[in-house]
Amino acid sequence: MVGVPRSAARRKGFVGGPNTRGMSDLGDFSEFGGDDPDDSTGSSGGEADPAPSDDDGFETPDLDVPAAERGIGTLAVSEGLRIAEDERDTALRAYVTAANRSDVRIGAYLLADYPGGEEQLFCRVAGLAYEQAFRSDDATEIHARRAMQSGDVDEQDYKFIADLEPLAVLYEEGGELRRRMADRVPKPETVVGKADDTAELKAGLDIPEDGVFLGHLSVNGEKVRTAATPPTIDYRVKDDYGSGDPLVFRHTLVAGGTGSGKTHTTKNVLRQYLAADRTYPVDTGADREPRMAVVQFDPQDEYAQMHDDNPDATTEDERDWERQGVAHGGHDDTVAFVPSVGDSTYAASHHGAEQVEFTVPFSMVRNRPWLAASAGLNDNQYPALQLLIRRFFDGNLKGTYREFCSFLDDPALREELDESGRVHEATFDAVKRRVLGMPSGVFDGSAPPITDLVREFVKPGRLSVVPTYHINDSRATETVVLALSSLLVDEKLSNDPRYGRIKETPLLLGMDEAHNFLSDADTVQARQVVGKFTEAAKQGRKERLGLFLVTQDPQDVADPVFKQVNTTVVLNLGDEDAISSVNIPANLEGKVPYMEKGQMVVYSPDNSEPVEITGLPTCVTRHGR
């Protein structure tokens, strides 16, 4: 039976507590000028008393651990044994026996039986400490010299105490192991043992059995291992409607510094969402369950490599992935949609994905006036720009950027708006400067407009990558990314969409370096963008729209957007402001600066307890140049 509670019989004969040792263990006293305490005659040639016997009424304790003994120690009551609603009032400590002390680590998961053996307390080691076993001071010359001579410490001189944090009570129901809040206090001297069973660990941490694979459960960078096959514990994110909405539509943030492995991790996760058997029902009046479409904005030109197999993946890697149900290998339906901006050229010898060039038509500005300005607009200038855009497109629905610039050059228009009091001449001039300041060639290039490519751009099962590394102007890059992403968001939120393909397809919108596009700046443009994405995030579950944000500066992502993220994946971050901004529990926050590449913390309240995991060491698709 899976997750069978530890029985009281297993604890029978348990021996714990410190050793009471003879003074002979203090070493040779002669060098300190005193007599040897073991010399009963007070002279160097005397004969020692015989060892105590049963006749004397004493028994020498045998502290050797019995061969059949299990566990690492017992619950102690020296400072209270208490489970409370307020965690600050909880007192749960375990005495760890000498033979087990070197194996116990902060963060390890433990189990303690309740009487009857039908329920178990699942807990985590929150602190470790040595305490004196006797009312004696070991900060003395004698103790120090003895330790210096022997080169080791007798563990039985000290108590080794583990502070425990109760996480859940485990119990069996209907043949399954379930969990509830810790609402019972265990008995004193209850044996505490390591949680070493897959069912116990998954139930205790509330980790789903099925879902999208992220990595393996770890503690301090080491994978938690069991006696099962495979020995590791897979961590997955809920992705079906049986237990609520798939968490992909409640949004994900991946935060990590340079070299932390965030792109490697993101590729591995996105590949799972593109698996052939992963579908999502869409409420369109028809019985449809299409595959996910993924659109990934790529500032470093790395994601189109997902088209190709990883040449570094070994046969053993592939076997492991197959055993664990991890989608792997290049994704054939990967297309690089390349923005045509001015004289920029795109070279792509590092991947085999199809390339489709496109341009951003100025007509997209009609419903998104903020795209037409090169710099921040204030609260007076933005209404003026809206009015000018509206008047321009009223007479020319497919007007170009050059035509709009000529439209603004009309002095009669400037005079008319000023005299009517609708737009002050100074405001008109300020708006005109910002429109004329847009980067050259960002609108209306020679390539097909993206609005004519929507059915190819958003397609079930397709990974559409938008590389922007070849664009040299940051404002042009921002315009391209925000134009395309706002098109997708607007169509998803619309009650009367122009492009039914977008509305009817489950969509994951991936944005690398998200802090560059969703920052909380004090401009009208920034407020418009943040407001749009905040609304998209709120409606994501209903519209089958998920945001997948990747950043090395999470503190710069606008708070209204950040608050809508349900799953936060944190890799190594060295900046204190960045670490504090991701809002993970304090016990995990302290680990972040020390995590190696691929180690991460997952904080997803609707999926599991906050945990540390280790991602796959080999990328499931091509990665790196």
Say you draw a straight line from OG1 of Thr568 to CG of Leu549; how long is it, rounded to the nearest 0.5 Å? 10.0 Å

From CA spacing to verdict: salt bridge (Lys or Arg N to Asp or Glu O under 4.0 Å), Arg462, Glu456: CA-CA 9 Å; Arg462 169 165 289 180; Glu456 297 301 312; 3.2 Å; yes

Tell me whether His470 contacts the main-chain N or O of Pro339 through its side chain, where contact means a donor paired with an acceptor under 3.5 Å. yes

Check the pair Lys202 / Glu209 against side-chain contact (heavy atoms from CB on, under 4.5 Å), numbers first and verdict last. CA-CA 8 Å; Lys202 284 200 168 186; Glu209 285 292 334; 3.5 Å; yes

Does a side-chain heavy-atom distance below 4.5 Å link Val582 with Tyr603? no

Using a 3.5 Å distance criterion without hydrogens, assess whether the side chain of Asp512 forms a donor-acceptor pair with backbone atoms of Pro299. no

Would you say the side-chain atoms of Gln305 pair up with the backbone N or O of Gly624, donor to acceptor, closer than 3.5 Å? yes

Should His251 and Asn566 be marked as a side-chain contact (heavy atoms from CB on, under 4.5 Å) after you check the CA-CA gap, both sets of side-chain angles, and the distance that decides it? CA-CA 6 Å; His251 320 303; Asn566 185 270; over 6 Å; no

With a 4.5 Å cut-off on side-chain heavy atoms, are Leu371 and Val360 touching? no

Under 3.5 Å, is there a donor-acceptor pair between the side chain of Arg278 and the main chain of Gln272? yes

Nearest 0.5 Å, what's the CZ-CG distance between Phe122 and Leu201? 5.0 Å

Donor-acceptor contact below 3.5 Å, side chain Arg250 vs main chain Thr567: no

Does this structure show an ion pair linking Glu173 with Arg180, if we count only N-O contacts that are shorter than 4.0 Å? no

Heavy atoms of Thr334 and His331 approach each other most closely as OG1-O, 2.7 Å

Quick test of your reading of the model: are Arg498 and Asp490 salt-bridged, counting only N-O distances below 4.0 Å? no

Is atom CD of Gln355 surrounded by more than 12 heavy atoms (other residues, nucleotides or ligands) closer than 6.0 Å? yes

Exercise: do His350 and Asp301 side chains pair donor with acceptor under 3.5 Å: yes

Side-chain donor or acceptor of Thr505 paired with backbone N/O of Ile502 under 3.5 Å: no

Answer yes or no: is there a donor N or O on one side and an acceptor on the other, between the side chain of Ser344 and the main chain of Ser340, under 3.5 Å? no

side-chain contact (heavy atoms from CB on, under 4.5 Å) for Tyr109 and Glu200? Distances and angles first, verdict last. CA-CA 10 Å; Tyr109 300 109; Glu200 293 171 345; over 6 Å; no

Exactly one candidate in Leu270, Thr263, Thr265 meets side chain to side chain contact (heavy atoms under 4.5 Å, CB included) with Lys267; the answer is Thr263

Is the centre of the His307 ring less than 6.0 Å from the centre of the His351 ring? no

Between Val248 and Val237, is there a side-chain heavy-atom distance shorter than 4.5 Å? no

Looking at Val602 and Tyr235, what are the two nearest heavy atoms and their distance? CG1-OH, 3.5 Å

If I compare all heavy atoms of Ala372 with all of Met438, which pair ends up nearest, and what's the gap? O-CG, 3.3 Å

Under 6.0 Å between ring centres: does that hold for Tyr273 and Phe548? no

Ser519 vs Phe517 side-chain heavy atoms within contact, under 4.5 Å: no

So, taking the atom named CD1 in Ile233 and the one named NZ in Lys223, what distance separates them when rounded to the nearest 0.5 Å? 12.0 Å

Do Leu616 and His216 have side chains that approach each other closer than 4.5 Å (heavy atoms only, starting at C-beta)? yes

Measure from the side-chain N and O atoms of Ser218 to the backbone N and O of Thr614, and report whether any donor-acceptor pair falls under 3.5 Å. yes

Relative to the ring of Phe443, is the ring of Tyr401 parallel (under 30°), tilted (30 to 60°) or perpendicular (over 60°)? tilted

Does any part of the side chain of Leu573, heavy atoms only, come nearer than 4.5 Å to the side chain of Ser260, both counted from C-beta? no

Just how far is it from atom CG of Asn572 to atom NZ of Lys597, taken to the nearest 0.5 Å? 11.5 Å

So Glu491 and Arg501, side-chain contact (heavy atoms from CB on, under 4.5 Å) or not? Walk me through it. CA-CA 9 Å; Glu491 290 296 303; Arg501 168 63 67 84; over 6 Å; no

Lys503 side chain vs Lys492 backbone, donor-acceptor pair below 3.5 Å: yes

Testing the basics here: between Gly352 and Asp308, what is the closest heavy-atom pair and its distance to 0.1 Å? N-OD2, 3.1 Å

Measuring from Leu388:CG to Phe392:CZ, what's the distance to the nearest 0.5 Å? 11.0 Å

Charged N to carboxylate O below 4.0 Å: is that the case for Arg390 and Asp394? no

Does Arg236 reach the side chain of Val212, with side-chain heavy atoms less than 4.5 Å apart? no

Parallel, tilted or perpendicular, judged at 30° and 60°: which one describes the rings of Trp321 and His328? tilted

Hey, does the side chain of Arg455 reach the backbone of Tyr499 with a donor-acceptor pair shorter than 3.5 angstrom? no

Between Arg323 and Arg319, is any pair of side-chain heavy atoms under 4.5 Å apart? yes

Which heavy atom of Pro290 sits nearest to which heavy atom of Glu504, and what is that distance? CG-O, 4.1 Å

Measuring from Leu507:CG to Leu547:CG, what's the distance to the nearest 0.5 Å? 9.0 Å

Leu493 versus Glu543, closest heavy-atom pair with distance: CD2-CG, 4.4 Å

